[in-house]
Amino acid sequence: MNLAIFASGRGSNFVAIADAIKQNKIRAKLRILICDQPLAPVVRRAQALGVRVILVRREDFYRRADFEAAIIQGLESYKIELIILAGFMRLLSPEFVRRYRNRIMNIHPSLLPEFKGARAIKDAFDSGAASTGVSVHFVDEQVDHGPLILQQKIKIKSTDTLVSLEERIHTLEHKLYPRAINLVISRRRSSAGK
Ligand code: GRF
């Protein structure tokens, strides 16, 4: 199974997934990183791990359709079968999502449908909720939405600061995302009779 990771930032999930593949915890090949931010740390992390980086900057294209066409060209030339969003800060069009229906996974740092959006950890912390969590789901046409694959809850402790909660959420993400990817790949293999 050929994977592409889409990321725009730090890349800690990218590294966790790449490590899981190296340790044979995920039976797949990480073929490419698609990134829209040339200076993002994830670019250097991918290069250090020998993963090919395809940089696609939104500002280089007038229309979103052309930006996505460049991404699709990359996906096709590397025969990508599963797309892993890991902090990719661009919304994908409904056309793109339909083309890859059930083949785009995303991780979100809350128990969806609670706390959608880019500040999910802070929003959960500020809300005074007793718990939050991490969700991995297939992507559909709505933001932070689509069929759930795995979710795990985490208690917000009275001693937590925003920083300590963020750390615990990210640690959980690094375990949950590889497990969810493995689950999807195993299901695909057994339904294909392989
Ligand atoms: C993660 O918190 C993920 O849940 C969200 O974006 C963040 C990416 O972090 N979608 P990193 O770049 O993998 O460190």
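Atoms within each ligand, like the ligands themselves, are counted from 1 in listed order.
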Can you produce the list of protein nitrogen or oxygen atoms under 3.5 Å from a nitrogen or oxygen of ligand 1, alongside each distance?
{"unit_1": "ligand 1", "atom_1": "2 (O)", "unit_2": "E173", "atom_2": "OE1", "d": "3.2"}
{"unit_1": "ligand 1", "atom_1": "2 (O)", "unit_2": "E173", "atom_2": "OE2", "d": "3.0"}
{"unit_1": "ligand 1", "atom_1": "4 (O)", "unit_2": "E173", "atom_2": "OE2", "d": "2.3"}
{"unit_1": "ligand 1", "atom_1": "10 (N)", "unit_2": "I107", "atom_2": "O", "d": "3.0"}
{"unit_1": "ligand 1", "atom_1": "12 (O)", "unit_2": "R10", "atom_2": "N", "d": "3.4"}
{"unit_1": "ligand 1", "atom_1": "12 (O)", "unit_2": "G11", "atom_2": "N", "d": "2.7"}
{"unit_1": "ligand 1", "atom_1": "13 (O)", "unit_2": "S12", "atom_2": "N", "d": "3.3"}
{"unit_1": "ligand 1", "atom_1": "13 (O)", "unit_2": "N13", "atom_2": "N", "d": "2.8"}
{"unit_1": "ligand 1", "atom_1": "13 (O)", "unit_2": "N13", "atom_2": "ND2", "d": "2.9"}
{"unit_1": "ligand 1", "atom_1": "14 (O)", "unit_2": "R10", "atom_2": "NE", "d": "2.8"}
{"unit_1": "ligand 1", "atom_1": "14 (O)", "unit_2": "R10", "atom_2": "NH2", "d": "3.0"}
{"unit_1": "ligand 1", "atom_1": "14 (O)", "unit_2": "S12", "atom_2": "N", "d": "2.9"}
{"unit_1": "ligand 1", "atom_1": "14 (O)", "unit_2": "S12", "atom_2": "OG", "d": "2.6"}

Considering only Ile, Leu, Val, Met, Phe, Trp and Tyr, and joining two whenever side-chain heavy atoms are under 4.5 Å apart, list the other residues clustered with L111. none
Name all residues meeting the side-chain contact (heavy atoms from CB on, under 4.5 Å) criterion together with S110; count only those two or more places apart in sequence or in a different chain, and write none if there are none. H108, L112, F115, A120, T132
Can you tell me if R58 has over 12 outside heavy atoms packed within less than 6.0 Å of its CZ? yes
If only side-chain N and O atoms count, and only distance matters, is there a donor-acceptor pair under 3.5 Å linking E167 with H170? no
Results of side-chain contact (heavy atoms from CB on, under 4.5 Å) for S164 - residues two or more places apart only: D160, T161
For Q151 and S135, which I'm curious about, is there any donor-acceptor pair between the side chains at under 3.5 Å? yes
